[in-house]
Asks: 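Take a look at the following structure, please.
Since we're looking at a predicted model, the values are computed, not measured.
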Amino acid sequence: MSEDADHTRDAAAETQISEHDAQAQDASAQEASAQEASAHEAPAHDAACYAVSEHDAAALEAATRAVHPDLRAARAKAFVRSMFRLAIERSHMRVALVGLVFVGVFGTISAKLLMMAVFGDPPSQEHRVAAASSTAFRPDIVDRNGEILATDIRTVSVFAEPGNIYDKDEAVELLTAVLPELNASELRAKLSSRKDKKGAGFVWVKRELTPKQQAEVHRLGIPGIGFLPDHKRVYPNGTAAAHILGATNLDGVGIAGMEKYIDSTGLQALNSFGLVNKQADLKPVQLSIDLRAQFAVRDELAWGIDHFKAKAGASMILDVKTGEVIALVSMPDFDPNDPKDALSPDRINRMNVGVYEMGSTFKAMTLAMALDSGKYNVNSTFDTRGGVLNWGRQKIHEYHGTNRVITMPEVFTHSSNIGSAKMALGVGVPGHKAFLKKMGLLDRLRTELPESAAPIVPSRWTEINTITIAFGHGIAVAPIQAAAAVAAIANGGDLITPTFLKAAPEDKARATHVLSAQTSEAMRYIMRLNAAEGSAKKAAIPYYFVGGKTGTAEKVIGGRYIHNRLFTTFMAAAPMNDPKYLFVTIMDEPQGLPESGGYATAAWNSGVVTGKVIERVAPILGLPPQFEPPVRPFPQMVKLNAYHINQLGGP
């Protein structure tokens with residue numbers, strides 16, 4: 001209401017001022033007329049007229065003050081208000097133009113800030129490569145029954161853009177506080193690595209963070225620190241099947257074992273071309289391994305290594321009909337979830353990568369060669385009297401000498417070096433080499449596992465080499481290689497390359513026929529006889545009709561055989577009337593115990609472990625016990641009236 005009153009007073013004052021101004025103008029006009037009329041009067045009257053005019057002005061001013069006491073203030077206020085009203089009316093176009101300029105400038109700045117927040121700087125080449133590798137998918141690996149052996153879990157990794165980090169020392173201090181496993185010096189060096197280079201750069205700070213670690217790093221709010229989605233390869237069974245599965249590096253690339261094999265099948269190409277959007281797009285890789293058997297074999301082998309105080313050992317189960325590796329353990333092993341220990345020299349896969357003189361297990365090859373050559377039969381005899389075979393300057397001794405003429409089966413059961421040497425010499429050096437070549441023992445064995453080793457064979461093969469190789473010295477092969485050859489001897493004569501993938505029925509085409517069925521039957525009979533009355537008794541588990549062969553070799557160190565440092569092997573198949581599985585155990589430098597009379601030969605350690613493995617694993621693998629001896633398990637041997645044939649099997 002006060003504003004309305006002021007407005008009313010101002011209007012009244014303006015009206016009064018206007019009326020007074022009008023009167024003043026009239027008076028001025030009259031005065032001007034009078035002056036014109038009296039322009040020609042005497043100058044004496046000028047002073048009087050001037051005096052009258054001043055008097056009138058003073059009177060007018062006094063009258064104006066009398067009309068309204070606030071007239072001056074009102075007039076000034078009205079003048080100022082009218083001045084600003086006129087300025088706005090005149091300059092509204094300029095104000096609009098200035099406003100548009102401000103909107104444009106601030107709009108551009110806002111858009112730039114928004115783009116920087118959403119898109120950031122263009123990613124560097126290192127950033128693009130890292131993002132691609134961190135999002136690579138790998139298929140699950142499962143055992144023959146579908147149990148998970150290896151899988152991926154989603155995680156994140158933290159990276160830094162050194163060019164966007166202004167206080168690197170503070171960043172290092174904060175990051176190492178929440179990630180104490182980081183090395184402060186190394187991290188500071190990483191963050192300073194692009195000091196003189198263009199762009200923000202890219203370095204990994206830590207891969208595969210836990211959700212808690214991610215939250216802690218995020219809470220720091222350090223500019224230039226970010227996260228990328230990642231995958232962590234997880235092996236839920238730990239050390240089980242470590243040498244088979246291998247491992248991956250932090251970029252999800254297979255570096256050993258089946259993981260490396262999977263990459264060789266084109267997985268990396270699929271990921272690099274963006275053809276894999278999720279893990280479900282990849283079919284799981286199914287291995288031949290039975291996880292239950294794998295755990296059991298590792299348990300028994302660990303017990304054996306500890307009990308016999310061996311440096312190391314390995315054990316495997318091979319399906320002789322399909323070539324599938326059902327279990328393979330080499331100890332010491334490692335955890336593929338943390339594979340740094342895998343680089344230790346004592347953690348190699350001894351079944352695949354190690355090459356050893358296999359000792360008397362090689363006599364199985366020698367007897368099979370002799371029988372298949374047609375020069376000998378199961379009733380052939382060999383003179384071992386004297387217990388020494390002289391060949392030039394070399395002397396071949398017996399370990400279990402009989403000092404008599406023995407039959408071919410007895411050469412095996414008594415593990416006669418002289419009898420084996422005479423068989424090999426009878427076949428001849430060329431025939432011996434050709435047979436071992438045919439059995440795959442002179443070439444590197446290739447399986448899905450990228451790790452393998454070439455056998456060590458004589459550069460110049462003479463008769464003395466044939467003599468020593470006949471009983472397992474002078475040639476070194478991978479144990480899995482020897483196992484494949486023995487499997488061919490047991491399965492009817494088909495050499496099948498071992499596989500770590502679950503085999504389909506049509507995979508039988510991988511087999512190469514290398515022995516006659518009759519030779520195979522004769523060897524099954526001889527191996528069963530060795531379990532019944534020879535060196536394989538320790539593995540002769542009742543009701544499974546086991547057959548096998550021991551092998552003990554002195555280790556070669558510095559070019560010389562060391563008598564008290566042994567490498568022992570045991571191979572057993574079951575059931576020998578129709579073999580399904582071959583069991584192999586090797587031990588490196590086992591020690592003699594009081595229970596073994598101080599002996600450290602294969603029967604007392606590797607043989608014992610193999611027997612425990614068969615006893616524990618046979619029910620898992622569905623190998624049925626035979627409570628009654630099989631009927632006529634070796635019919636051809638019955639016809640030949642082979643040595644002690646009537647003691648094996650039923651009528």
Asks: Do the non-hydrogen side-chain atoms of N352 and F500 ever get within less than 4.5 Å of each other?
Replies: yes
Asks: A side-chain contact here means heavy atoms from C-beta on lying under 4.5 Å apart; do M258 and L501 qualify?
Replies: yes
Asks: Using modelled atom types and a 3.5 Å cut-off, is there a donor and acceptor pairing between side-chain atoms of T176 and backbone atoms of E173?
Replies: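 The answer is yes, because a donor-acceptor pair under 3.5 Å joins these two groups.
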Asks: So, does R138 use its side chain to make a donor-acceptor pair with the main chain of D152 at under 3.5 Å?
Replies: no
Asks: Between D338 and K340, is there a side-chain N and carboxylate O pair less than 4.0 Å apart?
Replies: yes
Asks: Taking atom types as modelled, find out whether N337 and D335 have a side-chain donor-acceptor pair closer than 3.5 angstrom.
Replies: yes
Asks: Would you call the rings of F202 and W204 parallel, tilted or perpendicular if under 30° counts as parallel and over 60° as perpendicular?
Replies: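 The arrangement is perpendicular - the two ring planes meet at more than 60°.
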Asks: Using distance alone, with no hydrogens and no angle criterion, decide if Q294 and E147 have a side-chain donor and acceptor under 3.5 Å apart.
Replies: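 The answer is no; no qualifying pair exists.
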Asks: Check side chain to side chain donor-acceptor pair (under 3.5 Å) between R347 and all other residues, then give those that pass, not counting sequence neighbours.
Replies: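 Checked R347 against side chain to side chain donor-acceptor pair (under 3.5 Å); zero matches.
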Asks: Do we see a donor-acceptor contact under 3.5 Å between the side chains of T155 and D230?
Replies: no
Asks: More than 12 heavy atoms of other residues, nucleotides or ligands under 6.0 Å from NZ of K168: is that the case?
Replies: yes
Asks: Does the plane of the ring in F334 sit parallel, tilted or perpendicular to the ring in H243? Use 30° and 60° as the thresholds.
Replies: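 Geometry flag for H243 against F334: perpendicular rings.
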